[in-house]
Amino acid sequence: MEVESRRADGSGEAEITRLCRTLVPLAAAGKYAEAASTYRWVTRASTGDPLRYGDHALRLEFCALTGNEHTGVDLLSLLDGVGDHADAVDRLEFFASAALLTRRLTETGYGEIPFVLNGPYDGVPLSRLHRRMRAAAFVEAEELDELDHSGYFTAYAERKMAANPVAEFVPLLPSALPRVPIAPPPELSPEELVIRAEIHNHRCEPEEARACLAAIETVPDEIVPRLTELRAIFFQGEDTEERLRDAAAGFRRRNDEIRFLLNQCWLGLWLVFDDQAETGVALTTVAAARLRAGTDDRAACWGEYWLAHVLSGQGRTSEAYEALRRGAGRAREAGDPLLHGTLLCLEASLRNGDGEDPVTTLELARSATDAFIIGNVGEKAIEAVEQVRIAYERTGALDELDVFVEHMLSTLPVGGPERLRGHLRHLRALSLIGTGRFAEAVDDAYAALGVAASKGKDTAEHWYVLVTALHGAGRYDDVLDVAPRTIALLTGSPDWAHRCRWMYADSYRALGESARAFDEYAVLAEILQDSGDTGHSYISVSMAAAEQLDLLGYGANAADFYARAADAASAIGGGYVAATCRNAATLSRLRSGDLDAALTALAAAESAVHAVETETAPVREHLVAQLDHVAAHVLSAAGRVREAARRALRAAETFHRIGEAESARDVDLLLEQILLGEQK
């Protein structure tokens, strides 16, 4: 059953709290669509209000118990202020819900992922954050229990933090997919976990590798060097070189020559990027040569791969290409599609970066893509497709890129890499948006975001593309659901962030929610002004804010925004826009009931209009007619009927002459009212 979206207008705090309390029960009853709709609504209604800690706690709990743990992580940014919140019960609720959420994240293998939102807990692994939230919840509970001499709150907190999911997954957006758990099977031995981590490493799946490493508790002596090396690679820090050398010593003690040489290749790369280039290059070159001379084909290929990385970093690209060609040939003979594709993809990447022949680069990247599809390696397949995209863009062959994407989507086998399928749909959405086919792009944008988010790979671009498609398709209510998160993700991309804020505000405008539209336009205008950007964007946003204020009946405030836009337009030589704004400001002053201010504004508008000389004659005539129309309103209100009629008659004649029939009819009606004495 389709659930109609609701808007936040007119909802009191009690209504928001009541709806937050229905979230988990709705999900538990299997009413997933209604639960998702309610969650979106209360999220929208609570945006920008950090004081609703009790409501935020209920949203956290819902996310933790419906497979949406990673959506709930955004709410943890509120931890910065919860300790100072006046309501002790709300503090308890928030800490307990945060503990529940971080417990679920840890149980699904994400415990070693650092918490990266702003605040005092930034950089803390989620498993450690769980322990802190649990302790904080008990502190609040114990203090509350002391007040009423009971153990109620402690028992309540314990129950809440131990709660089990009520639904496997409640999709909050169309095409949303459950987050893929990365925790390894619990029955694996330490050695099996190390093997899995090594495989994830080669497949470019770092989070899965870290989850395997974090699951190892007891460490048998025989895997110590391998574990030391993997932890050095995946948990890098000041002691990375030392740990890599410790691993090398361990391999030497065990006479594991292959692992020792591969370790030296990686250590050499680390040293190069740690400003020890000479030592690093020598180390990797010698180790790769010894692997090349050996009989282990796969190890030799990895040696060539790391050697190419080291050489390219020193600008020795021709030698890097030779190493990659040697490795690719050997990988092909060994029948290893993952390794073969890895070598081809690196060469394509280097060639794109160096501006080499795009035809050769395309061949390499497409061959790499085919290899990764055979190996079902989604992350690396996306890397290869990106090299294809870059090569096509370098040649300006965007139509050929579209053909490539369509061909890949139509031929990608069932059961093939879903991450690749999602990325291809993302590229198709971009192309559809670029040609104005927004409605067609929506499904692709939703699907691409869903697949990426299920692996924790969703980016600001995924969200921005979705907002753009939804806005262009006129699906304004949906924009309101996804734009706030998109804006938060776009802090490092101001141009996109400003465009997204504009689409967010414009969606409120299109839905007739003028108060919210004005708020968002005003915020964007302030951001632009603070950043020193008072050009065309600032002018457009200020005018849009003024229009909403007029609709709300705040004419004086609207006039102020029009005046700011006019000043900004004048500063960049936009006389026509400045004059238009002055005309609009005059009407806004009149609507506010301040006749003196309207007459003063009219004088400013007269000056602005007559100062416009650069436009063509028809444009200037339109502007003068517009001024006459405005003047007729103001002068009539001032009781200067004869002047008002004269200006209205002149405006009507001009509009008729330049073919603006609708404007002419409006002025004719005004003239009739003036002459009949109905216009005051």
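Counting from 1, the numbers follow the sequence of the chain as shown. Remember, predicted model here, so these are calculated numbers, not experimental data.
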If I take atom [atom1] from residue [X] and atom [atom2] from residue [Y], how far apart are they, to the nearest 0.5 angstrom?
| X | Y | atom1 | atom2 | answer |
| --- | --- | --- | --- | --- |
| Arg44 | Arg516 | CZ | CZ | 8.5 Å |
| Arg485 | Leu490 | CZ | CG | 10.5 Å |
| Asp560 | Tyr554 | CG | OH | 14.0 Å |
| Glu662 | Glu660 | CD | CD | 10.0 Å |
| Ser607 | Arg582 | OG | CZ | 9.5 Å |
| Tyr576 | Leu623 | OH | CG | 5.5 Å |

Heavy-atom pair of closest approach, residues [X] and [Y]:
| X | Y | result |
| --- | --- | --- |
| Val479 | Leu470 | CG2-CB, 3.6 Å |
| Gln548 | Arg509 | NE2-CG, 3.2 Å |
| Tyr53 | Gly81 | OH-C, 3.3 Å |
| Ala448 | Gly422 | CB-O, 3.3 Å |
| Leu60 | Gly72 | CD2-O, 3.4 Å |
| Arg40 | Leu172 | NH1-O, 2.7 Å |

Any heavy-atom pair between the side chains of [Y] and [X] that's under 4.5 Å?
| X | Y | answer |
| --- | --- | --- |
| Arg657 | Glu621 | yes |
| Val405 | Leu401 | yes |
| Leu427 | Glu386 | yes |
| Arg640 | Val634 | no |
| Thr369 | Met408 | yes |
| Ile16 | Trp41 | yes |
| Val451 | His426 | no |
| Met543 | Val577 | yes |

Using a 3.5 Å distance criterion without hydrogens, assess whether the side chain of [X] forms a donor-acceptor pair with backbone atoms of [Y].
| X | Y | result |
| --- | --- | --- |
| His462 | Thr459 | yes |
| Ser37 | Ala33 | no |
| His622 | Pro618 | no |
| Arg394 | Gly355 | yes |
| Thr586 | Ala601 | yes |
| Ser77 | Asp74 | yes |
| Asn352 | Gln387 | yes |

In terms of heavy-atom contacts, does [atom1] of [X] have more than 12 from other residues, nucleotides or ligands at under 6.0 Å?
| X | atom1 | answer |
| --- | --- | --- |
| Glu418 | CD | yes |
| His610 | NE2 | yes |
| Glu526 | CD | no |
| Lys457 | NZ | yes |

Is there a donor-acceptor contact under 3.5 Å linking the side chains of [X] and [Y]?
| X | Y | result |
| --- | --- | --- |
| Asn68 | Thr66 | yes |
| Ser46 | Asp55 | no |
| His471 | Asp506 | yes |
| His629 | Asn583 | no |

Legend entry - Cation over ring face, Arg59 and Phe62, 6.0 Å, 45°: no
Assess whether side chain to side chain contact (heavy atoms under 4.5 Å, CB included) is satisfied between Thr361 and Asp357, documenting all intermediate values. CA-CA 6 Å; Thr361 305; Asp357 178 13; 5.7 Å; no
Exercise for the section: Check step by step if side chain to side chain contact (heavy atoms under 4.5 Å, CB included) holds for Leu602 and Leu627. Expected result: CA-CA 8 Å; Leu602 177 60; Leu627 172 64; 4.0 Å; yes
- Message: If you apply the rule side chain to side chain contact (heavy atoms under 4.5 Å, CB included), what do you find for Ile572 with Ile539, and how did you get there?
- Response: CA-CA 10 Å; Ile572 61 172; Ile539 295 164; 3.8 Å; yes
Practice prompt. Hey, can you tell me if Phe404 and Tyr392 have their rings parallel, tilted or perpendicular (30° and 60° cut-offs)?
Written response: tilted
- After noting the C-alpha distance and the side-chain angles of Arg437 and Glu440, does the key distance pass the salt bridge (Lys or Arg N to Asp or Glu O under 4.0 Å) rule? CA-CA 6 Å; Arg437 297 156 66 187; Glu440 295 175 63; 2.9 Å; yes
Salt bridge (Lys or Arg N to Asp or Glu O under 4.0 Å), that's the test. Do Arg647 and Glu606 meet it? Break it down for me.
CA-CA 12 Å; Arg647 298 292 289 270; Glu606 298 269 12; 2.9 Å; yes
Quick one, Glu15 with Arg18, criterion side chain to side chain contact (heavy atoms under 4.5 Å, CB included). Give me CA distance, side-chain angles, the key distance, then yes/no. CA-CA 5 Å; Glu15 174 67 1; Arg18 183 189 71 79; 3.1 Å; yes
